[in-house]
Amino acid sequence: MADIIQLLPDSVANQIAAGEVVQRPASVVKELVENAIDAGATDIHITIVDAGRTLIQIVDNGKGMSETDARMALERHATSKIRTAKDIFAIRSMGFRGEALASIVAVAHVELKTKRKEDEIGTHIIIKGSEVESQEPISFQTGTLFQVKNLFYNIPARRKFLRTNETELKYILAEIYHAALGHPHIAFTVYKDRDLHAKYPATHLKQRIITIFGKRFEKSLLSIESESSICKIHGFIGTPDTAKKHNFNQYLFVNNRFFKQRSFQNAVIRAYGNLILPQEYPPFFIFIEVDPAHIDVNIHPTKTEIKFVDEYSINSIIESAVKYSLGKSNIVPSLDFTDDTDYNDMFSTPQSEIKAPSIRVNTNYNPFASHKADVKNWEQLFEDFENQPDPDIPEQTFASALHLESSEPHVPEATCLQIQKKYIVTQGKTGLLLIDIKRAHSRILFEQFLQQIQTSTHASQKTLLPIQIEVTHSECVILKQILPELQSLGFDIEEFGSQSFVIQGCPSSLETTHVESIIRDFIYDFNENHTNITEKMYESVAKSMAKTSALYRNVHMQQDEMQVFISQLFQCESHSLSADGKVAVVLLEYDEIFKKFN
Ligand code: ADP
Ligand code: MG
């Protein structure tokens, strides 16, 4: 019997490979834009017609190709980016496999125009299904133009599996965002169906983020930075109030290449701690630079996961850098990075043990310990104050409103100044602290309440009248699931007919008038995120209590009252933010003050 094994013709091999590399129009955009970036372009124009089905055109002003290279570039395993296997471990370019162009020309009609700076005349190649139809000299500007037409014209099954134009366009734009965020110094112009869709002028990272995602980021980005022998990190994170219920705005880059890594995302979230709710995601744009030998980008052409040799350490470094930035941006003295942990030196030797910088919190501190007030009736703490018709009367001091005593925890003897009765100014370790009294107070109350609720037994109170809630079928399933937990928290809630429940009591710390909406929130959150109901309740109760009882401005405070107040604030875990995540403390660094007089 004759031998039966044959080598596949190139065109067939390329088509098979194309199935891996070119999955949808967005893959073409990604590969061509990456090639333009690798070619040193500073200006890239992208045209998308019919969500990439009809035309994808990329024009760059990069270094272009010689006549021979232009032809070679379209071959499989043709690359200018590596020569030996060793080079794979030093990759700084976006591409290196040399299979993108070969794959694209196997599944589309492609036209290429290119010229190098040193050449008078350029090259024009037309190619269909891997077959070169024509190659001619052409007069062209320095750079390269790729037109990819009728994608998957020869693979009807693939074409049929494309999603709606809207969805395919979303994939394309996601690729463009990755490239544009990863390379802010490159200008991008995007045309959609021949209309100008977006223009990103060359700029720096922060401005690029704002251009892409909107002005809402203008005041809410905190920069992060860290340098060690393992990696360099820079980028921006959002202030806690920008956290959202989705994680669309979380971007990680390694050596300017976009990638996804669950463990790094979690490290960022850990760093925010309870500055954000459990089901919220803060936006971030984090750039990691590592020795290319310490990552493996060679997993799969279209996959965005990347293996890191030092994954564990980088994880801790990210967490520390984010914590540091959150602390520093709001207030530095809270974060003790200099005494026992030298932040910059922390990772200076690869063997060194990774320690996250510690935030100094007195965990044994019980805010109620020195108060005479009955802890079960915390509201009484504020009754006196809230019943005051005019909070401005001098006799009504802050201390008496709060039942503070002179034996409160020790406070630094720094002089405090109350300005406009709204703010306190005092000296910190590295600068002047400006404290918004009302916001800071809401933070103190929030953390006190949180601790209070978490440690107390869940006393129940009767609602005035039974409250009946009607739910949909699916809500009913969820509510039944969380019923035991709700009951243990102090909700007196029972099924009442089909798709209906009746509530006759709720935790004593809750406003009975809000019970129905709170239960609906729980159902929603549990459905969306499988939130821990108990935690969620603690947080939301504490937050609403803190907000409703927070001290109004315009109360005159005595020197010792201010000191006690500050001391209490600094016992809080997140003392620089109000209960609802707004800035409560601003640090004016001595350095800045010094500079102002120079
Ligand atoms: P890779 O990017 O992995 O090297 P590609 O198939 O994407 O493989 O490209 C093959 C080669 O073609 C590249 O190595 C590069 O030399 C050349 N090339 C591709 N696109 C461009 C471009 N826009 N400008 C200049 N050279 C390019
Ligand atoms: Mg490439």
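Note that the structure is predicted; figures quoted are calculated from it, not measured. For the single chain, residues carry numbers from 1 onward in sequence order. Whatever order the structure lists ligands and atoms in, that order sets their numbers, starting from 1.
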Looking at atom 10 (C) of ligand 1, what's its closest protein heavy atom, distance included?
-> Ala78 O, 3.3 Å
Backbone or side chain, does any N or O of Ala102 fall under 3.5 Å from an N or O of ligand 1?
-> no
Do you know which two heavy atoms are closest between Arg208 and Ala187, and how far apart they sit?
-> NH2-CA, 4.2 Å
Please could you name the atoms of ligand 1 that Ala100 approaches to less than 4.0 Å, counting only its heavy atoms?
-> 6 (O), 7 (O)
Asn35 N/O under 3.5 Å from ligand 1 N/O | yes
N/O/S atom of Asn35 under 2.8 Å from the Mg ion (ligand 2), yes or no?
-> yes
Calculate, to the nearest 0.5 Å, the distance between atoms CD1 and NE2 belonging to Ile126 and His109 respectively.
-> 11.0 Å
Using 4.0 Å as the upper bound for N to carboxylate O, is an ion pair formed by Glu319 and Lys323?
-> yes
Does the ring of Phe152 carry Arg159 above it, NZ/CZ under 6.0 angstrom from centre and within 45° of its axis?
-> no
Would you say ligand 1 has an N or O under 3.5 Å from any N or O of Asp60?
-> yes
Ser130 and Ala106: which non-hydrogen atoms are nearest, and at how many Å?
-> OG-CA, 3.3 Å
Please state whether Met65 comes within less than 4.0 angstrom of ligand 1, counting heavy atoms only.
-> yes
NZ/NE/NH1/NH2 to OD/OE distance under 4.0 Å, Lys30 and Glu34 = yes
